[in-house]
Amino acid sequence: RTELGKRGYPLVYIAAQAGNLAGPTLATYAELLGFLGLFLIAAGVLMIIPVVIHLYKTLVPEDLRQTDGAANAVKKKSTGAFEAFRLMGKHPYLMGLAFVATVYEIVGTLIDFQFKMTASQVFSKEALAAYLGQYGQYTASVGLTFAILGTSFVVRRLGVRWSLLVYPMLLGGIVVMVRYFPVLNVLFWAMVCVKMLSYALNNPVKELMYIPTSKDVKFKVKAVIDGFGGKFAKAAGSLINGSINPAMLVAYGSMASLGIIGIWIMIAVVVGRTYDELVENKQILD
């Protein structure tokens, strides 16, 4: 099932990137379609979701929808955020997973603030909206290209353990580039790369890391990590932005980012090694 995951998750994110490209592209036709037209298109797309879920339940065999049949055949347990935190405290792997799955939001928020602050000094309101829409298109286009050509190749060639390290190492290079060339074009492409690598590499690898966990753990811990962890990381990034003088943001923001990335790499090494051990021993965390 691990090999199926390595093949399947990149396909899921290819579809996600296609949708991520369609949104900004449709937004560029707002004057033609109007806000009502855009809302109707969005509503129509949302109505497809229940149909897809029904097809998934109908066409995909039960045994393929579960990675841990023995662990799932247990009595229903308590749920809630506190139960998720208890499980993370019980299994250091889950705590490390929570960190590597969300910490990029801190660094991304720091660079994003620099990018938008610089863009707002160059463009007026209307031009700024168009510029950011173009940024969204570039991000989705590059992400879709990488998801098609690179995600599966990287994950299958390097494995989950080493793929965990690709994003923070590349992100460190982006931070250094922004530190020494803090101009709008560099910031633009820096943010395109940050978002692209997040969507097309980090997110698929993050999902693969849930393979050696029970359905119960996935339900509880993943919900907290995705819903709470990401927001907390963004808030931490915003707090750093608000605590630094804008004139010194590039220098001190870069230092903070590199420090965070250093910790991130050390934790990713441990988490990746634990993942390999769990998969090799066919062990499921419950």
Side-chain angles (χ1 to χ4, degrees), residues 13 16-17 19-21 23-25 27-28 99-147 166-203 206 225-265:
Y13 281 91
Q17 284 301 106
N20 196 30
L21 174 60
T25 301
T28 61
F99 186 87
V100 299
T102 59
V103 69
Y104 73 92
E105 294 281 12
I106 301 178
V107 180
T109 300
L110 292 173
I111 301 176
D112 183 63
F113 182 74
Q114 296 176 45
F115 165 58
K116 290 178 179 175
M117 184 177 66
T118 304
S120 66
Q121 295 171 350
V122 176
F123 298 100
S124 62
K125 290 184 178 179
E126 293 78 10
L128 178 62
Y131 180 75
L132 293 178
Q134 185 183 40
Y135 153 71
Q137 286 183 305
Y138 272 96
T139 299
S141 299
V142 175
L144 178 59
T145 302
F146 186 85
V166 173
Y167 187 29
M169 292 174 67
L170 291 177
L171 192 55
I174 291 171
V175 170
V176 172
M177 182 179 64
V178 168
R179 168 67 179 85
Y180 290 103
F181 303 99
V183 296
L184 184 57
N185 283 340
V186 172
L187 287 164
F188 178 94
W189 287 108
M191 278 307 302
V192 168
C193 291
V194 169
K195 293 294 185 181
M196 177 272 289
L197 290 169
S198 169
Y199 294 143
L201 181 60
N202 194 60
N203 284 348
K206 177 184 70 176
I225 291 175
D226 292 348
F228 173 77
K231 302 300 185 296
F232 181 81
K234 284 185 177 180
S238 298
L239 181 63
I240 294 173
N241 283 329
S243 303
I244 300 176
N245 187 310
M248 304 299 293
L249 182 60
V250 173
Y252 289 107
S254 299
M255 291 172 59
S257 295
L258 290 174
I260 292 167
I261 290 171
I263 298 171
W264 177 2
I265 289 175

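Bear in mind that the values here come from a model prediction, so they are computed numbers and not experimental data.
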Closest non-hydrogen atoms of Ala190 and Ile111, given as atom of the first, atom of the second and distance, are CB-CG2, 4.5 Å
Contacts of type side-chain contact (heavy atoms from CB on, under 4.5 Å), residue Met169, not counting sequence neighbours
Leu165, Ile265
Taking every heavy atom of Met191 against every heavy atom of Gly108, the minimum-distance pair comes out as SD-O, 4.0 Å
If we check side chain to side chain contact (heavy atoms under 4.5 Å, CB included) with Val175, which of these qualifies: Leu110, Val194, Leu258, Leu170?
Leu258
Please report the closest heavy-atom contact between Thr139 and Lys195, naming both atoms and the distance.
CG2-CB, 3.2 Å
Spatial distance of atom CG (Leu197) from atom CG (Leu171) [nearest 0.5 Å]:
8.0 Å
Please examine the side chains of Lys206 and Asp226, heavy atoms only from C-beta on, and report whether any two atoms are closer than 4.5 Å.
yes
Any residue meeting side-chain contact (heavy atoms from CB on, under 4.5 Å) with Phe232, in chain and number order, not counting sequence neighbours:
Phe228
Separation between CD of Glu105 and NZ of Lys231, rounded to the nearest 0.5 Å:
8.0 Å
Below 3.5 Å, can you tabulate the donor-acceptor pairs from side chains in residues 236-244 to any protein atom, sequence neighbours excluded?
residue, atom, partner, partner atom, Å
Ser238, OG, Lys234, O, 3.1
Asn241, ND2, Thr109, O, 3.3
Asn241, ND2, Gly237, O, 3.4
Ser243, OG, Leu239, O, 2.7

How close do Cys193 and Ile174 get, heavy atom to heavy atom, and via which atoms?
CB-CD1, 3.6 Å
Does any part of the side chain of Phe115, heavy atoms only, come nearer than 4.5 Å to the side chain of Leu184, both counted from C-beta?
yes
Over all heavy atoms of both residues, which pair between Trp264 and Val103 is shortest? Give the atoms and the distance, please.
CD2-CG1, 3.4 Å
Just how far is it from atom NZ of Lys116 to atom OG1 of Thr118, taken to the nearest 0.5 Å?
12.5 Å
Do other residues, nucleotides or ligands put more than 12 heavy atoms under 6.0 Å from Met255 CE?
no
Is it true that atom OH of Tyr138 has more than 12 heavy atoms of other residues, nucleotides or ligands lying nearer than 6.0 Å?
no
Parallel, tilted or perpendicular: rings of Tyr167 and Tyr104 (30°, 60°):
tilted
